[in-house]
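Heads up, the thing below is written out as structure tokens.
Computation of the quantities below employed the complete heavy-atom set of this structure, encompassing side-chain atoms and omitting hydrogens, waters and symmetry-equivalent molecules. One-based numbering along the sequence shown.
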Amino acid sequence: MARVAGVSPSTVSRAFARPGRVSHHTAQRIFSAAVEVGYRSAHVAGIQHPDRQRTSMIALVIADIRNPVYAEMVRGAEAAAAEAGYIMLLAHTQESEQKERQALERALASVDGIVLSSSRMSDSAIRMMAKQKPLIVMNRAVKDVASVVTDNPRGIRRAAEHLGELGHRTITYLAGPEASWADGMRWRSLREAAMELELTVRRTNPNHPTISGGEAAAKEWLRHRTPGVIAYNDQMAIGFIRALQQNGLTIPGDVSVVGHDNSYGAAFITPSLTTIEAPLYSLGATAVNNLLAFAAGARSQSNQPVVLPTRLLVRNSTTCTP
């Protein structure tokens, strides 16, 4: 096969064992050579070979299974997959680019398509995967790859307007993971909104998108206090509130706090959390429905991501400046 394809034997081995490490063009040459010499393998992955039957399975890759924001996405994705007669495989990558790559390499041969949620891989790596298997990305926009995102700019704008209307002229953004596309988009949206609304904004150092990440951000905020806070997500907002309460501060008396996502727990913390609601269930369902359309041969008419609406839910964690 190596001689027919014009590549080294190690490249042939890699194409069958770890297809994500071989370019689409090279893999196609190798698999064509396999057909020519009469070789057959269940691991001819990533290329829709004529002899290969559909598996009726798709993979959903998520960054952190402990984060409740993914629960509704998974429910929506699974419901859409089941309705179409598909089984969904779930991969947990623990916010690790390396684990994400490994999961995809192992899943390529077994599924008809892949949904990436909050991927930590580079754009080029995602595009490479998309050449080998129908793929769609949630919570991130990647050039030349289908994606479904929420309206981050509108949501952040409404949160900034809300805090400004309450008299909070300075806002701290509790930053999420450094590799997160959504984090960069939310910070950029806040800066743009602040310029138009004549607000002052600052940003904490990156943190894990967890309660402990919010607690760490609270320590930084205590050194540079502002009357308003917008967190990367609800979990960070909850951790931030808990840490401040343990330091004898009151929410919203000492600081108004806004979360993001309206994930499980946002309405139950005391005080209940004002948050930017994202349509998480619809996000998962839309991603799977579009993926299955691509797997069936449909082609996107636009390189622009599908954008789902957000809205601000005002609860008890925000109030006027005393």
Side-chain angles (χ1 to χ4, degrees), residues 10-28 30-31 41-49 52-67 69-70 73-74 76-78 80-81 86-149 177-182 283-284 286-296 300 305:
S10 63
T11 301
V12 173
S13 176
R14 195 158 53 246
F16 285 98
R18 307 190 71 172
R21 298 295 177 89
V22 178
S23 73
H24 173 76
H25 177 70
T26 300
Q28 182 68 71
I30 292 170
F31 298 146
S41 170
H43 295 289
V44 178
I47 305 296
Q48 290 297 328
H49 189 283
R52 182 176 181 272
Q53 299 298 314
R54 290 191 178 276
T55 67
S56 293
M57 292 192 293
I58 60 172
L60 172 60
V61 183
I62 62 174
D64 186 356
I65 201 169
R66 299 168 301 174
N67 190 336
V69 74
Y70 292 111
M73 291 186 203
V74 172
E78 195 280 330
Y86 276 73
I87 298 290
M88 191 177 74
L89 305 180
L90 185 65
H92 173 216
T93 64
Q94 303 174 47
E95 297 281 353
S96 166
E97 177 184 355
Q98 181 180 6
K99 290 182 183 296
E100 187 173 353
R101 284 176 176 270
Q102 291 172 347
L104 287 170
E105 288 166 0
R106 293 171 181 173
L108 277 173
S110 304
V111 298
D112 295 329
I114 295 167
V115 179
L116 297 181
S117 179
S118 304
S119 176
R120 302 305 184 226
M121 294 194 304
S122 67
D123 285 6
S124 59
I126 292 174
R127 282 193 288 268
M128 179 70 73
M129 290 292 177
K131 290 178 180 178
Q132 300 180 63
K133 190 75 66 171
L135 182 148
I136 193 164
V137 183
M138 289 195 295
N139 291 330
R140 177 172 171 179
V142 179
K143 185 179 179 182
D144 299 326
V145 178
S147 59
V148 182
V149 301
E178 192 169 11
S180 166
W181 175 88
L283 193 67
T286 301
V288 167
N289 285 331
N290 286 3
L291 174 71
L292 295 180
F294 298 147
S300 174

Chi angles and distances behind the side-chain contact (heavy atoms from CB on, under 4.5 Å) call for D123, K143: CA-CA 8 Å; D123 285 6; K143 185 179 179 182; 5.8 Å; no

Derivation of the side-chain contact (heavy atoms from CB on, under 4.5 Å) call for K99 and H92: CA-CA 8 Å; K99 290 182 183 296; H92 173 216; over 6 Å; no

Trace of the side-chain contact (heavy atoms from CB on, under 4.5 Å) decision for V288 with Y86: CA-CA 10 Å; V288 167; Y86 276 73; over 6 Å; no

Working for side-chain contact (heavy atoms from CB on, under 4.5 Å), residues L60 and M73: CA-CA 10 Å; L60 172 60; M73 291 186 203; 5.9 Å; no

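Here the CD1-OG1 distance, from I62 to T93, works out to 8.0 Å after rounding to the nearest 0.5 Å. To the nearest 0.5 Å, atoms CD1 (I136) and CG (N289) are separated by 9.5 Å. If you take CD1 on I58 and CG on L90, they are separated by 10.5 Å, rounding to the nearest 0.5 Å. Here the CZ-CZ distance, from R120 to R140, works out to 8.5 Å after rounding to the nearest 0.5 Å. Considering OG of S118 and CG of N67, their distance stands at 8.5 Å, rounded to 0.5 Å. Interatomic distance, CG of N139 versus CG of L116, reported as 11.0 Å (0.5 Å rounding).
At least one donor-acceptor pair closer than 3.5 Å links the side chain of D112 to the backbone N or O of S56. Looking at K133, its side chain does come within 3.5 Å of a backbone N or O of V111 through a donor-acceptor pair. Counting only distance, with no hydrogens or angles, the side chain of R101 and the backbone of M121 share no donor-acceptor pair below 3.5 Å.
Pairing each heavy atom of A81 with each of M88, the nearest pair is CB-CB, 4.5 Å.
Within 6.0 Å of atom CD1 in I87, 12 or fewer heavy atoms from other residues, nucleotides or ligands are found, so the atom counts as exposed in its surroundings. Around the CZ atom of R106, the shell of radius 6.0 Å holds no more than 12 heavy atoms that belong to other residues, nucleotides or ligands.
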